[in-house]
> 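Got a structure for you, questions after.
Keep in mind that this is a model prediction, so the values were computed, not measured. FYI, side chains are in, hydrogens and waters are out, and symmetry mates aren't considered; it's all heavy atoms of this structure. Just follow the structure's listing: the first ligand is 1, and inside any ligand the first atom is 1.
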Amino acid sequence: MRIGHGYDIHRLVDGRPLLLGGVHVPSPQGLQGHSDGDVVLHALCDAVLGALGAGDIGQHFPDSDERYRGIASGELLRRVTVLMRNAGWRVGNVDVTIVAERPRLAPYRDPIRARLAELLDTPARVVSLKAKTNEGLDAVGRGEAIAATAVVLLEAAGADAHGPGHPPGGAR
Ligand code: MG
């Protein structure tokens with residue numbers, strides 16, 4: 001097994017749609033970013049890349065690269081999932097926390113879980129999503145930003161699986 005952790009935060013601004021976990025959430029403001037600013041998907045990309053020992057989202061999809069301007073972050077997570085699969089791993093489970101003062105996210109929990117499961121090529125039952133506020137504290141608490149954390153556990157996908165740091169044959 002391999003474990004990975006990811007974190008992301010983006011500023012809320014006028015004139016952008018709010019996308020969280022690949023799902024559009026009605027809101028007067030959306031997240032600023034070179035891509036669509038989806039903090040949930042960015043945290044998950046980093047968690048999976050961390051578990052693989054494969055760097056971070058900025059190395060794989062640099063925001064200096066015009067190819068990634070405005071890209072749907074679901075496409076980034078799909079590419080990370082392909083990388084994970086090709087390295088011989090699959091998701092054991094993931095646990096995501098969104099920290100947002102508003103909007104209220106409970107109605108979107110299951111749609112987001114379903115979308116994350118699809119992108120990670122795993123059943124929704126192993127995808128946990130929690131949403132909380134920052135109790136009015138700091139920038140997130142003032143409603144100026146939304147943050148997300150993600151933890152992922154990867155399992156070897158097969159008997160012949162091997163990933164970074166795991167030589168073929170399974171020796172560690
Ligand atoms: Mg980001």
> Looking at R69, H42, E75, which hits side-chain hydrogen bond (donor to acceptor under 3.5 Å, both in side chains) with S35?
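It is H42; the other options fail the test.
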> State which residues pass ring pair (Phe, Tyr, Trp, His ring centres under 6.0 Å) with Y68; sequence neighbours excluded, sorted by chain then number.
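Once residues adjacent in sequence are excluded, the partners of Y68 under the ring pair (Phe, Tyr, Trp, His ring centres under 6.0 Å) criterion are F61.
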> Could you tell me which residues satisfy side-chain contact (heavy atoms from CB on, under 4.5 Å) with A145, sequence neighbours excluded, listed by chain and number?
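Here the qualifying residues are I9, V140.
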> With no hydrogens and no angle check, do the side chains of H34 and D63 hold a donor and an acceptor under 3.5 Å apart?
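Not at all, the side chains of H34 and D63 share no donor-acceptor pair under 3.5 Å.
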> What I want to find out is whether K130 reaches D95 closely enough, with some N-O distance under 4.0 Å, to be called a salt bridge.
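A salt bridge links K130 with D95.
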> Who pairs with D110 by side-chain contact (heavy atoms from CB on, under 4.5 Å), at least two apart in sequence or on another chain?
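Counting only residues at least two positions away or on another chain, D110 forms a side-chain contact (heavy atoms from CB on, under 4.5 Å) with R113.
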> Everything protein-side that's N, O or S and under 2.8 Å from the Mg ion (ligand 1): list it, residue and atom.
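Within the sphere that stays under 2.8 Å of the Mg ion (ligand 1), the protein atoms of type N, O or S are D8 OD2, H10 NE2, H42 ND1.
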